[in-house]
Amino acid sequence: MSNQLSDRINNLPASATLAMAAKARELKGQGKDIIGLSLGEPDFNTPDFIKEAAKQAIDENYNSYSPVDGYADLKDAVIAKFKRDNNLEYKPSQIVVSTGAKQSIANTLQVLLNPGDEVLLPAPYWVSYSALAILSEATYKEIPSSIDTDFKITPEQLEAAITPKTKLILFNSPNNPSGTIYSEADYRALAAVLEKYPNIYVLSDEIYEHINYGAETFSFAAIPSMYDRTITVNGVAKAFAMTGWRIGYIGAPEWIARACNKMQGQITSGANCIAQRATIAALEAPVSKIDYMVEEFHKRRDIVLELLGEIDGFKLNVPEGAFYVFPDVSAFFGKELNGVKIENASDFALYLLEYANVATVTGDAFGAPDCIRISYAASEEQIREAISRIAKAVS
Ligand code: GLU
């Protein structure tokens with residue numbers, strides 16, 4: 001039978017991160033000893049105090065629909081968090097709690113974009129940004145960067161990329177996949193360009209905010225001229241090891257929040273009620289409660305940089321946050337390894353999967369075709385073993 005699916009889904013690329021994780025899982029199921037460094041998922045358990053809050057919510061019979069945009073006391077906790085960590089003031093009508101930051105981003109793109117609108121993506125960018133732009137029938141334009149500039153774009157590049165069709169730009173700091181953190185000065189310089197274009201909105205994805213190794217993170221909406229046109233996205237998945245709980249949220253101009261609420265009212269009716277109650281405990285806790293995870297990620301980052309740095313052909317920078325390294329591996333392009341011709345980063349990632357049994361993700365999916373993403377959200381033992389296998393496979 002011919003393909004009867006909608007153009008919408010036919011045009012949508014599958015998630016490269018989830019696809020690689022599924023492939024690694026499948027190979028493991030076949031008995032292969034695969035080390036999965038493809039997925040950005042903390043390998044810690046959710047802290048006990050959050051699990052206790054969830055258990056209590058079950059016992060207290062939180063089993064009905066919540067308000068579509070989240071429980072009022074959770075929205076208060078989100079407001080307090082934005083104030084405490086980001087110096088941002090929001091009213092409850094500006095907050096929408098969703099089924100993960102990914103849904104918060106999808107909502108925002110769906111409610112803001114019309115066919116033909118253009119989205120700017122400073123590259124490298126997280127795989128789902130481009131896909132969600134396509135799903136919104138918009139087009140997207142990459143603004144390239146490279147490892148030599150620490151994967152940051154410049155204000156000049158931003159200005160050159162803007163056209164009359166530009167409606168939205170997506171910033172992500174700390175960045176997935178590069179780990180780069182834009183400083184307050186970086187963001188203020190980019191904002192100075194955007195001030196000249198009042199019809200451009202900004203989505204600031206701050207999901208990795210707490211996974212940083214000393215650099216100050218800064219919220220784009222904290223620039224007064226940007227507040228009224230910035231949607232700040234965050235969630236509990238990465239900081240609190242709660243990926244599967246699926247809770248994200250936005251702080252946004254009221255008219256955008258209202259539209260996202262309407263969207264969710266037709267699609268999910270709101271986020272899972274037990275996970276929402278658990279999120280209150282997470283957000284109300286002092287940030288120092290997760291220091292042990294951040295310290296461990298920091299230690300692993302240094303190990304990964306040291307070990308990968310010993311392999312010829314891996315060009316590295318020092319990621320300041322998130323839990324990825326994003327080496328430039330273009331030195332391998334055009335070479336033959338074990339009889340396999342490596343033309344690009346996808347070939348290289350597939351080669352590592354097959355010959356080192358290590359799952360990574362090609363940089364193509366992130367708009368950076370010279371690189372691969374390696375997640376170090378794995379045990380030190382797995383990381384050491386994976387990199388030693390990679391070293392052997394490429395020697
Ligand atoms: N955000 C994580 C990653 O980039 C989780 C997987 C996904 O949703 O893409 O690996």
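We number each residue from 1, following the sequence as shown. Counting starts at 1 for both ligands and their atoms, in listed order.
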Does the N or O separation between [X] and ligand 1 drop below 3.5 Å for any pair?
| X | value |
| --- | --- |
| S38 | no |
| S128 | no |
| G40 | yes |

[atom]: the protein heavy-atom neighbour that sits closest, reported with distance to 0.1 Å:
| atom | result |
| --- | --- |
| atom 2 (C) of ligand 1 | K238 NZ, 3.2 Å |
| atom 8 (O) of ligand 1 | K102 NZ, 3.0 Å |
| atom 9 (O) of ligand 1 | T17 OG1, 2.6 Å |

### Message
F218 and side-chain contact (heavy atoms from CB on, under 4.5 Å): which single residue from N87, I223, D186 fits?
### Response
I223
### Task
Any atoms of ligand 1 less than 4.0 Å from a non-hydrogen atom of L18? List them with their elements.
6 (C), 7 (C)
### Message
If the cut-off is 4.0 Å to any non-hydrogen atom of N176, which atoms of ligand 1 fall inside it?
### Response
1 (N), 3 (C), 4 (O)
### Task
With ring-ring contact (aromatic ring centres under 6.0 Å, His included) as the test, would you mind laying out the steps for Y324 and Y208 before giving the verdict?
CA-CA 11 Å; Y324 311 104; Y208 291 94; 5.7 Å; yes
### F151 ring center within less than 6.0 Å of Y125 ring center
no
### Task
Could you tell me if any non-hydrogen atom of Y324 lies under 4.0 Å from any atom of ligand 1?
yes
### Query
Using a distance-only test with no angle check, is there a side-chain donor-acceptor pair under 3.5 angstrom linking N86 and K81?
yes
### Message
Regarding R373 and D364, does a basic nitrogen lie under 4.0 Å from an acidic carboxylate oxygen?
### Response
no
### Task
Check the angle between the aromatic planes of Y182 and F171 and answer parallel, tilted or perpendicular using the 30° and 60° thresholds.
tilted
### Query
Do the rings of F44 and Y292 sit parallel, tilted or perpendicular, given the 30° and 60° boundaries?
perpendicular
### Task
Flag yes if more than 12 heavy atoms outside K51 fall under 6.0 Å of its NZ atom; otherwise flag no.
yes
### Task
Check V361 against ligand 1 and report side chain, backbone, both or neither, counting heavy atoms closer than 4.0 Å.
neither
### Query
Can you tell which part of R373 has a heavy atom less than 4.0 Å from ligand 1: side chain, backbone, both or neither?
side chain
